[in-house]
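The next block holds one structure in the form of C-alpha cells; read it before the comments.
In what follows, chains carry the letters A, B, and so on, assigned in the order in which the sequence lines appear, proteins first and then strands, with residues in each chain numbered from 1.
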2 protein chains.
Amino acid sequence: MIRLVIADDQALVRGALAALLGLESDIEVVAEVGRGDEVSAAVVLNKADVALLDVEMPGLDGIAAAARLRTDAPDCRVLMVTTFGRPGYLRRAMQAGAGGFVVKDTPARQLADAVRKVAAGLRVVDPALAVESMTSGDSPLTERETEVLRAAGDGGTVADIAAATFLSEGTVRNYLSSGMGKTGARTRAEAVHIAEENGWLL
Amino acid sequence: MIRLVIADDQALVRGALAALLGLESDIEVVAEVGRGDEVSAAVVLNKADVALLDVEMPGLDGIAAAARLRTDAPDCRVLMVTTFGRPGYLRRAMQAGAGGFVVKDTPARQLADAVRKVAAGLRVVDPALAVESMTSGDSPLTERETEVLRAAGDGGTVADIAAATFLSEGTVRNYLSSGMGKTGARTRAEAVHIAEENGWLL
DNA sequence: CCGGGCCGATGACAAATGTCATGGCGATCC
DNA sequence: GGATCGCCATGACATTTGTCATCGGCCCGG
C-alpha cells in the first residue's frame, strides 16, 4: 500500500486528484494540503511514501518544498506535477531531489503508474519535456539579473524597480540591459517573457 | 440521473474531475473533451444535461463555447470553472448564458452540489467573486485599445505592435496612451497587467 | 441635422529607456 | 599574485516611449 500526500493550491484539483488516485487499490491518500509550507509536516505526521507536489503553490513553491522534504523526510519520494511545461522547472525539480516530473496534460491513467514507479525508486520524466530541457540549458542569468527581471515583471518604471531592489536606477538599467542581451530580447518586457517561459525566474 | 460533459484542456485535471464526480450516485460522466470546439458536438451526441467548462481552452475558449451551446443545445446548462478569479470572466460567462461560475479553489465537495443546482436551473456563483465583479465593472477599453494592449502583451516594440495590428506606429502609441490612461497605468506593461487581471483582454 | 464617440493618422516635444565606456570592490581560481 | 568574474555605481548618448494638439472620416442617437 502506497501512502500518498497530495499538495496543490486549487482545492478542486486537489480533491479531484485524490478521488482519481483513491480509486487505485494499492494507493491510499493519507493527506491533502494547499500550501507548500504544510507539506513537510503532513508527510512526517502520516509517514507518507510519496508526495505529489504542484510547482505553483503559496507559502513555499513546490521545488523548495521538495528540497525541504529531502532533509525532513529522506525516505519520502517526490513526484512533481505542474501546469506549465517550463523547461527550467524540470531541471530545478530534479536538482531538488524529485523522483519524477509530469505535466498536467498527460493522460490521467499514467498518473497512477507514475506514482507507483516513483514509489519504487524509479525516475519518471515526461519525455517531451526532457528533450526540451536538454536544449534550453540552465539559466544564463546572474542572480541580480533575475531579481531585477522579476521585479520588472509587473510593468513598473525603472524607479519602481530600483526602489523594490534597493539599487541605483542606473544599475537597474544595466542589469536590464545585460538581461535583455542574454535573452535576445529587445525590450525589458520581452526579456521578462522569455525568462518566464524558460522558468528562469523561479 | 444527470448526464455530464467535462471540458478542460489539462488531461490530468479532466480525468480527476471525472473520477470525483463519477463517485456521485446521481451523476454520470458521459464525455470528456480537451478542446473548446469539441464541446458542442459532444453535448449533442450524448444528450448531456450539464456541461462543465474550463475558461482557458485551446481551439475555442470556454465563454465562446458556452455561447455556441446556447444555440446548438439550448436545453444544456453550463457550469463554468476557472483557475483565475478574473472579475470580467464572470460577467462575460453569464452574458454568454452560463448557469454557474466557480473557481478551482472552491472546496471539492461543493462542486457536485453546484452541478446539481445548475442542472435544476438555479444560478450558482462564487460569492467572493460576485462582489468583485460588481465593483470592477465592465471593460472601459474600446475594441482597438484591447487589441493593441493584447498585441503588446508579449513585450514587443511599438513597431512590432504596429506590424501585428496593421496600424501606424503613431496610432499604436495613441491607443497605448489612452489605454494606460483608462487603466491608471504608467507603463504599457503595467496597463497590460491590469487589463489582464480584470479579464479585459478576453 | 447635429453632436459625440470611436477610428486612423500626423507632428512635435519632454521624459523614460537602452547602450556603452569606465571605475572600484570583493571573491574565486589557477 | 594575477586573472577573471560578478556586483554596484556613474555619466553620457541615441533611441524609444508617452503625451498632447489637431485633423478628417464614419456611424449612431437625440
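Regarding A/Ile161, its CD1 atom lies at a distance of 13 Å from the P atom of C/dA16, rounded to whole Å. For the pair B/Glu145 CD and C/dG8 P, the interatomic distance rounds to 11 Å; values are reported in whole Å. Distance, B/Arg173 CZ to D/dT15 P: 15 Å, rounded to whole Å. Spacing between atom CD of B/Glu143 and atom C1' of D/dC27 amounts to 14 Å, rounded to whole angstrom units. One can place OH of B/Tyr175 at 14 Å from C1' of C/dT10, the figure rounded to the nearest angstrom. Here D/dT10 presents its P atom at 10 Å from CD of A/Glu169, a figure rounded to the nearest Å. The separation between A/Leu141 atom CG and D/dC7 atom C1' is 15 Å, rounded to whole Å. Taking atom CG of B/Asp160 as the reference point, atom C1' of D/dT17 lies 14 Å away to the nearest angstrom.
No more than 12 heavy-atom neighbours from other residues, nucleotides or ligands sit within 6.0 angstrom of NZ on A/Lys117. Counting heavy-atom neighbours within 6.0 Å of A/Arg150 CZ, excluding the residue itself, gives a total above 12. Within 6.0 Å of the CZ atom in B/Arg186, the count of heavy atoms belonging to other residues, nucleotides or ligands does not exceed 12. The environment of CZ in A/Arg35 is crowded: more than 12 heavy-atom neighbours from other residues, nucleotides or ligands sit within 6.0 Å.
In summary, the side chains of B/Thr165 and B/Glu147 do not present any donor paired with an acceptor at a separation below 3.5 Å, with no hydrogens or angles considered.
In the set D/dC8, C/dT19, C/dC6, the nucleotide with an atom closest to the side chain of A/Leu167 is D/dC8. Of all nucleotides listed (C/dT17, C/dA9, D/dT17), C/dA9 comes nearest to the side chain of B/Asn174. Of all nucleotides listed (D/dT17, D/dC7, C/dC6), C/dC6 comes nearest to the side chain of B/Thr142.
The side chain of B/Thr171 places no N or O atom within less than 4.0 Å of a non-bridging phosphate oxygen (OP1 or OP2) of C/dG8.
In this structure, A/Arg144 reaches the sugar-phosphate backbone alone: every heavy-atom distance under 4.0 Å involves primed, P, OP1 or OP2 atoms, never a base. Backbone-only contact: B/Arg188 has heavy atoms under 4.0 Å from sugar-phosphate atoms and none from a base. Using a 4.0 Å heavy-atom criterion, one finds that A/Ser168 contacts the sugar-phosphate atoms exclusively.
Nearest-nucleotide positions on DNA chain C place B/Lys182 closer to the 5' end than the other of B/Thr187 and B/Lys182.
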